Amino acid sequence: MCAAPIGLLDSGVGGLSVWREVIRLLPDYPTVYVSDNAFCPYGPRPAEEVIQRTKKISRFLIDKGCEMIVVACNTASAAAIDVLRQTFEIPFVGIEPAVKPAANLSKSGVVGVLATQGTFKGRLYLETSKRYAAHVQIIEQVGDGLVELVEQGLTEAPRTMELLHQYIDPMIDAGADHLVLGCTHYPFLIPAIQKIAQGRIVIDDPAPAVALQVFALLSRKDMTPSQPTDPLYRFYATGTHNSIQALYGRMAVRDMASAQFFSHLNLT
Ligand code: DGL
């Protein structure tokens, strides 16, 4: 296998929810993933800081031979996707909350959106919800604390369930029949959310649509072979690699030998 690797970035392990959809469609494609967990969470940080971090990571991924980068983070896409596209010549694929399909499919006319502060403030979300979801009532909820719990692997811990109840119960009480996951960490909370929602809400995760977009771009663009990669998947963390390695193991989509993990990536 010697195609140019696909680069992915996130503030932490959340982008793995996008990565697993990408490799589902492109199982033998090499990937290089950067978890910026030394700076996690991105949500409360000023947009300018997120732009600087994602620029540095993108430069690193391009140096590693990536010819396409997936910004597998809603917050980073909201803050930085325009700048990244202007700064670098390779294609960038971003992610935004799936408000449009949720609004179109909602029967009750009430849609809940769980996302970070940075994502709610971004142009992508504001424009999409104004253009495609003006006919429904949107209940916005910042998921404070959830990213940190997912980073620790605490996807069904008492504190996680408590926060999810606090965020989701009022949406259900208000009649929401769709819940848009506006942060790539949240798909790892789907089993916990399902326990709370008891079938009363449809969960919308845009990750499969992002993977389709990657697939379509690769098919259109001639991604010529550049450097052979072994192992197939490389994961870099700016902090320690423990959380990403643990989640990779738990997902069990590929064997451990397909992946290599690096800690304390120093981006200057
Ligand atoms: N996975 C990121 C997102 O989709 C997490 C945000 C954060 O680090 O706060 O927004």
Side-chain angles (χ1 to χ4, degrees), residues 7-22 31 33-54 56-58 69-82 84 92-99 102 112-126 128-129 140-155 160 163-164 167 179-190 193 203-211 213-214 235-240 243-244 247-248 251 265 267:
L8 297 101
L9 67 91
D10 182 39
S11 63
V13 297
L16 281 183
S17 65
V18 178
W19 173 85
R20 79 179 154 191
E21 298 299 332
V22 170
T31 61
Y33 183 108
V34 174
S35 153
D36 196 12
N37 57 350
F39 287 78
C40 186
Y42 277 177
R45 290 184 189 276
E48 190 48 43
E49 190 178 3
V50 176
I51 290 172
Q52 292 315 322
R53 290 306 302 163
T54 51
K56 285 181 182 175
I57 297 169
S58 299
I69 293 176
V70 183
V71 182
C73 174
N74 291 261
T75 313
S77 297
I81 197 91
D82 294 338
L84 295 173
F92 280 80
V93 176
I95 188 163
E96 63 175 302
V99 172
V113 184
L114 193 60
T116 69
Q117 204 179 312
T119 296
F120 281 129
K121 282 198 271 184
R123 180 186 62 79
L124 282 176
Y125 172 76
L126 292 174
T128 305
S129 44
E140 294 177 357
Q141 175 65 56
V142 174
D144 275 335
L146 295 177
V147 165
E148 293 88 332
L149 289 162
V150 173
E151 285 294 315
Q152 292 168 63
L154 301 173
T155 49
T160 313
L163 280 182
L164 286 173
Y167 298 153
L179 171 62
V180 176
L181 301 184
C183 169
T184 55
H185 281 71
Y186 301 164
F188 295 111
L189 300 171
I190 287 176
I193 296 171
I203 300 169
D204 298 280
D205 171 18
V210 172
Q213 168 76 357
V214 171
F235 296 94
Y236 293 84
T238 54
T240 71
S243 50
I244 200 143
L247 190 52
Y248 175 87
M251 288 196 303
L265 171 66
L267 299 166

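Order of listing sets the numbers, starting from 1, for every ligand and every atom in it. Heavy-atom basis, side chains included; hydrogens, waters and symmetry copies ignored. Every value quoted in this text rests on a predicted model; they were computed, and no experiment measured them.
The two residues Pro97 and Thr119 have their closest heavy-atom pair at CG-CG2, 3.7 Å.
By the 30° and 60° cut-offs, the orientation of the rings of Trp19 relative to Phe235 is perpendicular.
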field: Audit row: Asn74, Tyr125, side chain to side chain donor-acceptor pair (under 3.5 Å) steps and yes/no
entry: CA-CA 9 Å; Asn74 291 261; Tyr125 172 76; over 6 Å; no
Verdict with supporting geometry, Asn37 and Ile244, side chain to side chain contact (heavy atoms under 4.5 Å, CB included): CA-CA 10 Å; Asn37 57 350; Ile244 200 143; over 6 Å; no
Can you give each donor-acceptor pair under 3.5 Å made by side-chain atoms of residues 145-154, sequence neighbours left out, with the distance rounded to 0.1 Å?
from, atom 1, to, atom 2, distance (Å)
Glu151, OE2, Val13, N, 2.7
Glu151, OE2, His185, NE2, 2.6
Gln152, NE2, Glu148, O, 3.2

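Proximity of Thr184 to ligand 1, defined as any heavy-atom pair under 4.0 Å, is shared by backbone and side chain alike. With a heavy-atom cut-off of 4.0 Å, Ser11 touches ligand 1 through its side chain alone.
At under 3.5 Å, a nitrogen or oxygen of His185, whether backbone or side chain, sits near a nitrogen or oxygen of ligand 1. For ligand 1, the polar-atom distance check against Asn74 finds a nitrogen or oxygen pair separated by under 3.5 Å.
A search for salt bridge (charged side-chain N to carboxylate O under 4.0 Å, His left out) contacts involving Glu48 returns nothing, not counting sequence neighbours.
Against a heavy-atom cut-off of under 4.0 Å, Asp10 is close to the following atoms of ligand 1: 1 (N), 2 (C). Using a 4.0 Å cut-off to heavy atoms of Gly43, the atoms of ligand 1 that qualify are 7 (C), 8 (O), 9 (O). In the vicinity of Thr75, heavy-atom distances shorter than 4.0 Å reach the ligand 1 atoms 3 (C), 6 (C), 10 (O).
Counting only heavy atoms of the protein, atom 7 (C) of ligand 1 lies nearest to Tyr42 N, 3.2 Å.
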